Amino acid sequence: MLNINFHPFQNLETERLLLRRLHEDDVNEVLELRGNPEVMKYVPRPLAKTKEEALAHIALIEDKIVNNLGINWAITLKDNPKMIGIIGHYKIQPENFRSEIGYMILPQYNGKGITTEAVKVAVEYGFDQLQLHSIEAIIDPENSASEKVLQKNGFVKEAHILENEFYEGKFLDTVIYSLLKRNFKN
């Protein structure tokens, strides 16, 4: 079983990005992200409507870090500390050496390779620092942009599960992508 320890918290950097710890000062950006119907279109969760709900989301992320249950970063451009997205290992299964990665970005940053770049460094962290064996991503089958990001990072489609999630009166399909450490190319 893995021994997970996020202390001290580690920022991640790429050529263009700084992935840093979320803090309460990010409340407006978290509300903008989690309250945006376009961003949340493929995320079966209620839209954030208030700053209190955004602060609760930040607190949930922080609690997971403090208790070594999951880690998330604010995605920022190196030349601007404003949060433009969130990425992380949302669910870690230490007994299986596996995590689930998730990410979202503000629509004005779509199509610029930012999410692909952030996924790559978060995956590197998962394999190199956490010593994971595999990383999965669970997406809506209609989310072709997310599918492309995963494929660019070497993830392969593992399964398409029919109507396995019930949300707002409808049964939804999910698709699972995964990447094994041995297949990851730095």
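Keep in mind the model is a prediction, meaning the values are calculated, not measured. For the numbers below, each heavy atom of this structure counts, side chains included, while hydrogens, waters and symmetry mates do not. Throughout, numbering of the chain's residues begins at 1 and tracks the sequence.
- Looking only at atom types and distance, the side chain of S146 has a donor-acceptor partner in the side chain of Y103 under 3.5 Å away.
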Run the side-chain donor-acceptor check on residues 43-52: report pairs under 3.5 Å with partners two or more places apart or on a different chain.
from, atom 1, to, atom 2, distance (Å)
R45, NH1, E165, OE2, 3.4
T50, OG1, E52, N, 3.4
T50, OG1, E53, N, 3.1
K51, NZ, N28, OD1, 3.2

request  = Given side chain to side chain contact (heavy atoms under 4.5 Å, CB included), test I87 with V121 step by step and report yes or no.
outcome  = CA-CA 10 Å; I87 188 166; V121 73; over 6 Å; no
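- Checked by atom type, the side-chain pair E142/Y42 shows no donor-acceptor distance below 3.5 Å.
- A single hydrophobic cluster is not seen to contain both L150 and I138; linkage of ILVMFWY side chains at heavy-atom distances under 4.5 Å, directly or through other members, places them apart.
- Between L33 and L106, the shortest heavy-atom distance links the atoms CD1-N, 3.5 Å.
- A donor-acceptor pair under 3.5 Å is formed between the side chain of K78 and the backbone N or O of T14.
- Separation of atoms CG (L180) and NE2 (H133) is listed at 5.0 Å; rounding is to 0.5 Å.
- L60 and I92 fall into different hydrophobic clusters, where Ile, Leu, Val, Met, Phe, Trp and Tyr residues are linked whenever their side-chain heavy atoms come under 4.5 Å apart, directly or through other members.
- In this structure, the side chain of H57 does not engage the main chain of L31 through any donor-acceptor pair within 3.5 Å.
- Rounding to the nearest 0.5 Å gives a distance of 8.0 Å between CG of L22 and CZ of F9.
- With hydrogens and angles ignored, the 3.5 Å screen pairs no side-chain donor or acceptor of N153 with any backbone N or O of F155.
- Hydrophobic clustering, with ILVMFWY side chains joined whenever heavy atoms are under 4.5 angstrom apart, groups I4 together with I101.
- Within a 6.0 Å sphere centred on NZ of K91, heavy atoms belonging to other residues, nucleotides or ligands number 12 at most.
- Distance alone, capped at 3.5 Å, places no donor-acceptor pair between the N164 side chain and the D173 backbone.
- N3 CG: 12 or fewer foreign heavy atoms inside a 6.0 Å radius.
- Across every non-hydrogen atom of P141 and V175, the tightest pair is CB-CG2, 3.6 Å.
- Residue L132 holds its CG atom at 9.0 Å from CZ of F97, rounded to the nearest 0.5 Å.
- In the hydrophobic cluster analysis, where Ile, Leu, Val, Met, Phe, Trp and Tyr join through side-chain heavy atoms closer than 4.5 angstrom, Y125 is grouped together with F184.
- Residues L12 and L179 fall within the same hydrophobic cluster, defined by Ile, Leu, Val, Met, Phe, Trp and Tyr side chains chained together at heavy-atom separations under 4.5 Å.
- Among R34, R21, R20, the one residue that satisfies the salt bridge (Lys or Arg N to Asp or Glu O under 4.0 Å) test with D26 is R20.
- In the displayed structure, E15 atom CD is contacted under 6.0 Å by at most 12 heavy atoms of other residues, nucleotides or ligands.
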Identify each donor-acceptor pair in which a side-chain atom of residues 63-76 lies under 3.5 Å from a protein atom, sequence neighbours left out, and give them as a table.
from, atom 1, to, atom 2, distance (Å)
D63, OD1, N67, ND2, 2.9
K64, NZ, Y90, O, 3.1
N67, ND2, D63, O, 3.0
N68, OD1, F6, N, 2.8
N68, OD1, H7, NE2, 3.4
W73, NE1, Q10, O, 2.9
T76, OG1, L18, O, 2.7

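- For the atom pair Q93 CD and S99 OG, the distance stands at 8.5 Å (nearest 0.5 Å).
- Environment of NZ in K148: sparse, with no more than 12 heavy atoms of neighbouring residues, nucleotides or ligands closer than 6.0 Å.
- The other members of the hydrophobic cluster of F171, by chain and number, are F166 (side-chain heavy atoms under 4.5 Å, ILVMFWY only).
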